[in-house]
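Just so we're on the same page: letters track the sequence lines, and every chain starts at 1.
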Amino acid sequence: MISDIIVVSSLALTSMTPILLGSVGEIFTEKSGVVNIGIEGIFLLSALISLIITFVTEDPYLGLFTGFLIGAFAGFIHAVFAVYLKSDQIIVGVGFNMLAYGATVLMMVSIWQAHGASPTLPTKTYVISIPLGRDVITIHPLSIMAIGLAILFWWILEKTSLGLKIRACGEDPKSAEASGVNVYLMRIIATTVGGGLAGLGGAFLTVSWIGQFTRNISAGRGFIALANVAFSNWNPLTAILGALIFGIFDVLALYVPIKLSSLYGIVFTTQNNLFLTIPYLATIIIVMIISRRIKMPRSLGTPYIKE
Amino acid sequence: MSRRPIIQMIGIEKIYPDGQYALRGVDFEVFEGEIHGILGENGAGKTTLMRILYGEIRPTRGRIFVRGREVRFSGPWDAIREGIGMVYQHFSLIPSFTVRENLYLSMLSMNKKIRREDIDEIAREYGEMIGFKISLDEVVEDLPIGVQQKIEILKTLMRGARILILDEPTSVLSPLETVELFKILRRLKESGYTIIYITHKLREIKGLTDRVTIMRRGRVVSVVETDKVSEEELAKMMIGSEEFVFKRSEVKRKEKTEKRRILEIRGVSVVDDKGVEKVREVYLEIFNGEILGLAGVQGNGQKELAEAIAGIKKVSRGRIFFNGLDITDLDVRERYRLGISYVPDSRGEALIYNMNLVENFILTSLERYMNSLKIIDWRRVRKDLLKAVERFDIKTRSLDLDVRFLSGGNQQKLIIAREFSRDPKLLIVSEPTHGLDIMSTIYVRDLLRKFRDSGRGVLLISSDLDEIYELSDRIAVINRGRIVITGDPKELPPEKIGYYIGI
Ligand SMILES: Nc1ncnc2c1ncn2[C@@H]1O[C@H](COP(=O)(O)OP(=O)(O)O)[C@@H](O)[C@H]1O
Ligand SMILES: [Mg+2]
């Protein structure tokens, strides 16, 4: 039982990582007044491209870095649409998600002629392995780093002048501009960096965790990250908790049926799908109960038009 | 005060992206150490001019000099560096931030290395200068407006501004807060600051400024030393009666057959949301076949009176009769149905900019286009709108265009077309030609005359004396909520009206 808890915890930490990175990135983005619902798409694109880079260079760390760049680039493009072209940010995000899904499947098929999944990487990023009885617990350094990043971005937002400027843009861009803040620039910076964090999360999926790309590998995690933003009340520290809750349910959904069948010999086949909905349902319910939306940036999603 | 110009703006023009020609070649000059007023009606272009000076928007044409050196601002931060500070009509504080966060934020644009802790010291120093003390941990939105404004001034001073622009600062203040503000401004002047003070209130100009630039419809009409002119003269310059042409005689029309009273207002008072009495015991009548022009400086109760007649605002005292029927207790819809139609001064109030012409056209007459199942008969709407577009010469690419893409003149025509199509008996229009080009102005005025000539009544509210004289059969002047005089235009020359507007 104890070992079960430890194993579940370590797996939950892994499952938490992309959600947390996506959430923190999105909080950073939204604090500036831009909403980027394209996290799901960023996850997909970064996951695939970082995998390709890793295959080519055999360097998973370069893969991770590429994932970050891809995300940052996607964030930057979104920012240009949102800030300069004053497009509807939701529609841009939806479009990007659909595009990313189609593009990744197409690339997968054309590179590997595979329709479901890519080949598996020979080398992933380093994992800390601790033997525990018959099991081995694995902890990804990036999981720890993600928590560190959440704390860092909380600190940036709350304690630094850059954070104050970014928050001002999300609360009241007109006043921010009048106070001498360059609203366009701040929104571009925040959305680009935020996208970069999501990109890191996407790369983590393939290069650190699973080792291969599968169709729709992100499986809605980008949307969970979005929900987690509201759940956390736009606070990166609370977002750690939210991501962890999702991670735990995500693991339980796989772990419980396996455990049950090994203990009692019950075999789940179709019912398995039901278990897989648990993390999503749990997230929705928790968000509904807890989210108060008080700290939502007041100018979220509205373009800043100067004249 | 020296006679050395600290600010010179030359030949400034501004055309907004939507085509609004807000400034039509403005020259503007401020001396160092003076309190310089900018006087003008709403829409004259005062705010636009100052936003340009503050680098917030760019002029379409024109040059700006600060202390004799030409400048080109790409944003407020450039203006701040030149020592120019703006205190906004709507404050530029971030409501959910604390005072300290707000001050810190604005100081950052001056000095990137400044720390949050340094703010307290600087705030105290400048606070003492203007006699103002505040706890920096308060959240701005919890503070009274008057205090927020002082923070705004404090903030501007802390950024090292030597030239302060205040845009209609008293529009949100109580009388007591206004007195305090004036004290602060006078203290600043004594310490050598230059102040640009924007308002449309004559009393404030007289009470505070050294010199005043008067603007009208995107132009400067005059620059004068304040103590050399009377309020009355200022009012005339601002409203524009020197361009006054007695066009009324040109208009031929049928002699009134029978004089029937359409509207009678008996001792009506109206209190606004803040509890201030804006309309005080007004008596007025409007007859059929007549345009009654209500003259006065904006903000003297015109809007409240119009809204009381339309039924939008409740009266606190008095009764209103329409064709002999007491309508005081009827709601807007019932009054509409009886034939009262109201066109407010702001087109934004009458139109929904993000909806197209068709949708806007039926906003006030949905019922006429609904069948028994409450479904709108769009075919009929389009047919009627098409006729109206033709008749009123509304220029649009398509009926499905959002109205925000129409020019001001065409928006106004659409509103009038809509109200006319409902065949009202009494039309209340406020500033009907405000912001319109000359052709649209002539056209709209013609429409109003035709409407009158068909034997119906018009209450024309306008701060433009030319317009009042051109259209009115009778004139009433409103001042601080009271009707101070009514009479025939022939017996009320502009000088006299100016006097009544200004007292
Ligand atoms: N952002 C804008 N876009 C388009 N037109 C504008 C804008 N701001 C002001 N205007 C127009 O420019 C004219 C001058 O406005 P403004 O400078 O606000 O006048 P004032 O401050 O004297 O009341 C008005 O006709 C107004 O409708
Ligand atoms: Mg203004």
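Options B:R116, B:K155, B:M86 differ in how many heavy-atom pairs under 4.5 Å they form with chain A, and the most are formed by B:R116. Taking B:K112, B:R115, B:R159 one by one and counting their heavy-atom pairs under 4.5 Å with chain A, the maximum is reached by B:R159. Ranked by heavy-atom pairs under 4.5 Å with chain A, the list B:S96, B:A79, B:P76 is led by B:S96. Taking B:I80, B:T156, B:L93 one by one and counting their heavy-atom pairs under 4.5 Å with chain A, the maximum is reached by B:L93.
The minimum heavy-atom distance linking A:T238 with A:F231 is given by the pair O-CE2, 4.1 Å. Closest non-hydrogen pair, B:M215 versus B:V26, comes out as CE-CG2, 4.2 Å.
Rounded to the nearest 0.5 angstrom, A:K165 NZ and B:Y104 OH are separated by 8.5 Å. Atoms CG and CD, from B:D78 and B:E56 in turn, are 13.0 Å apart once rounded to the nearest 0.5 Å.
In this structure, A:R221 fails the cation-pi test against A:F43, since its NZ or CZ atom is not both closer than 6.0 Å to the six-membered ring centre and inside 45 degrees of the ring normal.
Using a 4.5 Å cut-off between heavy atoms, A:T160 touches chain B through its backbone atoms (N, CA, C, O) alone.
Electrostatic pairing of B:R124 and B:E121 counts as a salt bridge here, judged by a charged N lying under 4.0 Å from a carboxylate O.
Screening B:N102, B:L103, B:T98 for a side chain to side chain contact (heavy atoms under 4.5 Å, CB included) with B:L136, the sole residue that qualifies is B:L103. Exactly one residue among B:T48, B:L49, B:T47, B:L53 makes a side chain to side chain contact (heavy atoms under 4.5 Å, CB included) with B:R51. That residue is B:T47.
Scanning for side chain to side chain contact (heavy atoms under 4.5 Å, CB included) contacts around A:P303 gives A:K86, with sequence neighbours left out. For B:D137, the side chain to side chain contact (heavy atoms under 4.5 Å, CB included) criterion is met by B:R100, B:S135, not counting sequence neighbours.
Proximity to chain B among residues 73-82 of chain A is not found for any residue, judged by heavy-atom separations below 4.5 angstrom. Contacts from residues 27-39 of chain A to chain B, taken as heavy-atom pairs separated by less than 4.5 Å, involve no residues at all.
Side-chain atoms of B:E70 do not come within 3.5 Å of backbone N or O of B:R63 as any donor-acceptor pair.
Residues B:E13 and B:T60 have side chains that never bring a donor and an acceptor to within less than 3.5 angstrom of each other.
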